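Worksheet: one structure, shown below.
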Protein chains: 2
Amino acid sequence: MTPPPAPSDAVAIELNAVLVALTANQPLVLTLEDGTLLPSGPFATEHPTLQSGLRAWVERQTNHPLGYVEQLYTFADRNRPGSDGCQRVVSISYLGLTRERLSAGARDPEWRSWYRYFPWEDWRAGPSPLIAQTILPKLTTWAEAGGDATSRRERQQRVEVSFGDGAETWNEDLVLQRYELLYEAGLVPEAKQPAADPVPGMPMRHDHRRILATGIARLRAKIKYRPVFFELMPPEFTLLQLQRTVEALAGRPMHKQNFRRLIDAHGLVEPTGASSAEARGRPAKLFRFRREVVLERAVLGSKLPLSRPI
Amino acid sequence: MTPPPAPSDAVAIELNAVLVALTANQPLVLTLEDGTLLPSGPFATEHPTLQSGLRAWVERQTNHPLGYVEQLYTFADRNRPGSDGCQRVVSISYLGLTRERLSAGARDPEWRSWYRYFPWEDWRAGPSPLIAQTILPKLTTWAEAGGDATSRRERQQRVEVSFGDGAETWNEDLVLQRYELLYEAGLVPEAKQPAADPVPGMPMRHDHRRILATGIARLRAKIKYRPVFFELMPPEFTLLQLQRTVEALAGRPMHKQNFRRLIDAHGLVEPTGASSAEARGRPAKLFRFRREVVLERAVLGSKLPLSRPI
DNA sequence: TTACTTATACTAAGAATGAGCATTAAAATC
DNA sequence: GATTTTAATGCTCATTCTTAGTATAAGTAA
């Protein structure tokens with residue numbers, strides 16, 4: 001059918017990592033060069049697999065173990081933003097979760113909240129006002145400028161699917177679709193023909209903001225059926241701390257009682273016996289993660305116990 | 001943190017495709033060389049993206065459009081089965097769905113039922129007897145041969161999670177975990193130290209059976225929230241034909257009335273007005289897929305209406 | 001002591017799911 | 001032509017899962 005593929009000429013392999021940590025209820029991502037780049041790992045190492053090489057490299061750099069690693073996507077587009085056109089760049093990206101941050105306040109590498117890059121993705125205090133006030137109007141203009149009637153209707157439908165109506169119908173998993181729609185509409189500075197007035201949100205170089213969007217989307221989808229969020233928690237924690245962590249990742253508020261019922265129903269935690277008196281109110285019991293459940297089958301039944309904002 | 005990655009020396013890029021079609025209620029995969037290889041596509045093409053290049057290549061070869069394409073995984077392990085050790089091979093694999101098969105009965109390329117490679121994955125007629133009779137005994141032996149007590153318990157737990165108890169608790173999505181467990185236990189011919197009596201199921205060269213397992217697993221998971229199975233259907237079909245298609249992919253029987261209720265509740269189809277008189281009984285109405293729903297939000301609520309075998 | 005937080009128990013309504021009965025409509029067979 | 005067989009389709013009922021609360025307990029800060 002096809003001869004065995006010949007070794008391709010002039011291929012550069014690049015590893016990109018979306019490294020996530022969590023501090024003060026903010027989801028953080030490790031960045032370089034004033035927040036404009038994701039860290040790139042070495043490819044040709046002594047390690048047998050990409051994943052083990054990446055893990056060792058991150059652990060050496062941050063002095064903390066990587067709790068969870070998963071491959072995100074491989075980009076190899078010829079006219080990929082950032083490639084110079086003559087050499088094909090294959091970029092293999094990974095998502096990694098880690099428990100603690102390296103030296104606080106450092107620059108390069110620096111941990112930054114991912115909502116600086118995607119401010120419209122934070123709905124923890126209710127629907128992001130950015131969407132109804134800024135994004136939807138611009139996208140509607142773009143949709144109405146589409147060529148023929150079919151194209152216009154298709155654009156409108158994509159806007160509606162990705163962003164909902166700006167209030168009730170929000171799907172927090174569609175991070176990547178939303179970014180790509182804004183990219184196509186020229187509403188982010190990375191676009192080929194960027195508009196004069198892009199939507200708020202810090203850009204990155206090359207296609208690193210797209211890779212970050214891929215990572216956030218994957219993580220938001222993942223926490224619904226695998227309790228990976230424990231990799232971001234300290235060994236002991238209260239249920240409210242756990243809830244705030246999940247809310248930070250999902251970008252949405254949750255119903256406290258139902259959240260606890262869910263965690264309990266799946267046997268994710270066990271009490272340590274101790275209590276925390278960190279906050280002002282009634283002391284909360286401390287829990288630890290039951291490692292055994294990682295091996296068990298899927299959990300959390302694909303639905304997070306969202307609450308409607310008050 | 002790290003200098004920009006230097007172009008790696010001696011890297012070969014290989015594209016592998018898991019191309020799926022469906023005929024006579026069998027899920028088929030395109031193979032080469034007497035069923036021992038998956039097709040490999042060219043890498044350096046005139047196309048701007050890997051995906052468009054793969055799509056064009058497949059459509060040229062099979063004379064049928066590829067309905068759906070998705071990236072599966074990138075393997076780049078140094079001691080990957082099939083690599084000769086000196087040159088690093090990066091293998092990017094894709095899943096593609098297509099509607100019709102090319103010339104029937106052809107050899108090379110040839111469409112083969114994926115259950116020839118994974119006979120234990122077909123539970124359409126109830127729990128696969130292979131599991132209780134052959135696989136679980138062998139895996140139990142392997143688990144009990146583990147080094148210390150901790151290792152033995154961990155092995156047992158992995159067997160239990162991947163294969164369940166051989167009867168009630170079966171998760172059809174864990175195709176890859178099951179194959180990898182059998183690989184580790186030396187129970188497939190591809191293993192490094194294969195046992196004298198591997199479990200039934202046709203092997204493939206290199207790591208192509210692992211790639212196929214990845215594709216099946218991805219597809220089984222995908223149909224629960226995106227109706228991609230329509231890409232395998234003719235333009236008009238009866239609801240029973242649709243059910244048989246989903247059953248072929250998931251490898252499990254479904255409850256007919258509840259399956260129809262689900263399809264109906266999500267507005268996936270619309271009647272064409274015509275009826276089919278293919279089978280003996282009462283003629284079934286013909287339906288067509290409502291293309292609009294592809295754009296809409298997630299569907300099928302993560303649960304297929306399984307039925308217990310009679 | 002009072003006001004305020006936070007934790008935790010419990011419940012009622014509604015939606016989704018699992019399982020099956022009953023009926024209809026055609027072809028095949030006697 | 002009546003009867004059997006095969007499938008399609010309509011409908012119900014119980015159970016479980018979700019949603020959205022109310023109520024109460026147990027601490028700290030003023």
Side-chain angles (χ1 to χ4, degrees), chain A residues 25 126 168-170 224-225 236-247 250 252-287 297-310, chain B residues 25 126 168-170 224-225 236-247 250 252-287 297-310:
Chain A
N25 296 333
E168 292 299 303
T169 54
W170 177 253
K224 280 156 196 161
Y225 58 97
E236 301 194 350
F237 49 84
T238 71
L239 292 180
L240 187 60
Q241 284 165 355
L242 182 61
Q243 180 179 344
R244 294 287 179 247
T245 296
V246 176
E247 287 173 335
R252 306 196 66 175
M254 313 225 166
H255 185 281
K256 190 193 276 192
Q257 298 92 318
N258 292 346
F259 179 81
R260 284 152 191 252
R261 178 176 60 190
L262 190 71
I263 298 296
D264 188 58
H266 291 282
L268 294 189
V269 299
E270 61 193 4
T272 68
S275 290
S276 155
E278 300 269 310
R280 288 205 299 193
R282 166 175 170 177
K285 285 185 204 142
L286 285 171
F287 294 85
R297 45 198 64 255
V299 272
L300 293 208
S302 92
K303 287 213 171 166
L304 293 174
L306 300 178
S307 79
R308 48 177 57 258
I310 325 98
Chain B
N25 296 333
E168 293 299 302
T169 55
W170 176 252
K224 280 155 197 162
Y225 59 97
E236 302 194 351
F237 48 85
T238 71
L239 292 180
L240 187 59
Q241 284 165 355
L242 182 61
Q243 180 179 342
R244 294 287 179 246
T245 296
V246 177
E247 287 173 335
R252 306 195 66 174
M254 314 223 167
H255 184 282
K256 190 193 274 193
Q257 297 94 316
N258 292 347
F259 179 81
R260 283 152 192 250
R261 179 173 61 185
L262 190 73
I263 298 296
D264 188 58
H266 290 283
L268 293 188
V269 299
E270 60 193 4
T272 67
S275 290
S276 154
E278 299 270 309
R280 286 208 300 193
R282 170 175 170 178
K285 286 186 203 140
L286 285 171
F287 294 84
R297 46 197 65 258
V299 273
L300 293 208
S302 92
K303 287 214 173 167
L304 293 175
L306 300 178
S307 78
R308 48 177 58 257
I310 321 97

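Just so we're clear, the structure is a prediction, and the values are computed from it rather than from any experiment. Quick note on labels: first sequence line is chain A, next is B, and so on, each numbered from 1.
Here the shortest heavy-atom pairing between Met254(B) and Gln243(B) reads O-NE2, 3.1 Å. Contact record, Glu247(B) with Arg252(B): CG-O, 3.2 Å, taken as the closest heavy-atom pair. What you find for Leu240(A) and Lys256(A) is that their closest heavy atoms are CD1-CE, 4.0 Å.
Side-chain N/O atoms of Arg261(B) include none lying less than 4.0 angstrom from OP1 or OP2 on dT17(C). Applying the 4.0 Å criterion to OP1 and OP2 of dA8(D), one finds that Lys256(B) has a side-chain N or O inside that range. Phosphate contact (OP1/OP2 of dA8(D), side-chain N/O of Lys285(B), threshold under 4.0 Å): absent.
Phe259(A) CZ to Leu239(A) CG: the interatomic distance, rounded to the nearest 0.5 Å, is 7.5 Å. The structure places CD of Glu236(A) at 4.0 Å from OG1 of Thr272(A), a figure rounded to the nearest 0.5 Å. Between the CZ atom in Arg260(A) and the CG atom in Asn258(A) there is a gap of 11.5 Å [rounded to 0.5 Å].
Of the candidate nucleotides dA7(C), dG18(C), dA7(D), dA7(D) has the atom nearest to the side chain of Leu240(B). In this structure, the nucleotide among dA26(D), dA19(C), dT9(D) sitting nearest to the side chain of Pro283(A) is dA26(D). Among dA25(C), dT9(D), dA20(D), the nucleotide with an atom closest to any side-chain atom of His255(A) is dA20(D).
For dT22(D), its base sits under 3.5 Å from the side chain of Gln257(A) at one donor and acceptor pair at least.
Put simply, CZ on Phe237(B) is 14 Å from P on dA8(D), counting in whole angstrom units. Straight-line distance from the NE2 atom of His266(A) to the C1' atom of dC17(D): 10 Å, rounded to whole Å. Here dA7(D) presents its P atom at 8 Å from CZ of Arg244(B), a figure rounded to the nearest Å. The nearest whole Å value for the distance from the CG atom in Leu239(B) to the P atom in dT6(D) is 21 Å. Arg260(A) places its CZ atom 8 Å from the C1' atom of dT6(C), with the value rounded to the nearest Å. The CZ-C1' distance, from Phe259(B) to dA19(C), rounds to 17 Å in whole Å. The distance between atom CG of Asn258(A) and atom C1' of dT11(C), rounded to the nearest whole Å, is 12 Å. The CD1 atom of Ile263(A) sits 16 Å away from the P atom of dC17(D) (whole-angstrom rounding).
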* Kindly indicate, with the supporting measurements, whether the criterion side-chain contact (heavy atoms from CB on, under 4.5 Å) is fulfilled by Phe237(A) and Val269(A). => CA-CA 10 Å; Phe237(A) 49 84; Val269(A) 299; 4.0 Å; yes

* Asked: Pairing of DNA chain D as dot-bracket, 5' to 3': ( ) intra-strand, [ ] crossing, | other strand, . unpaired, with Watson-Crick or G-U pairs under 3.5 Å?
  -> ||||||||||||||||||||||||||||||

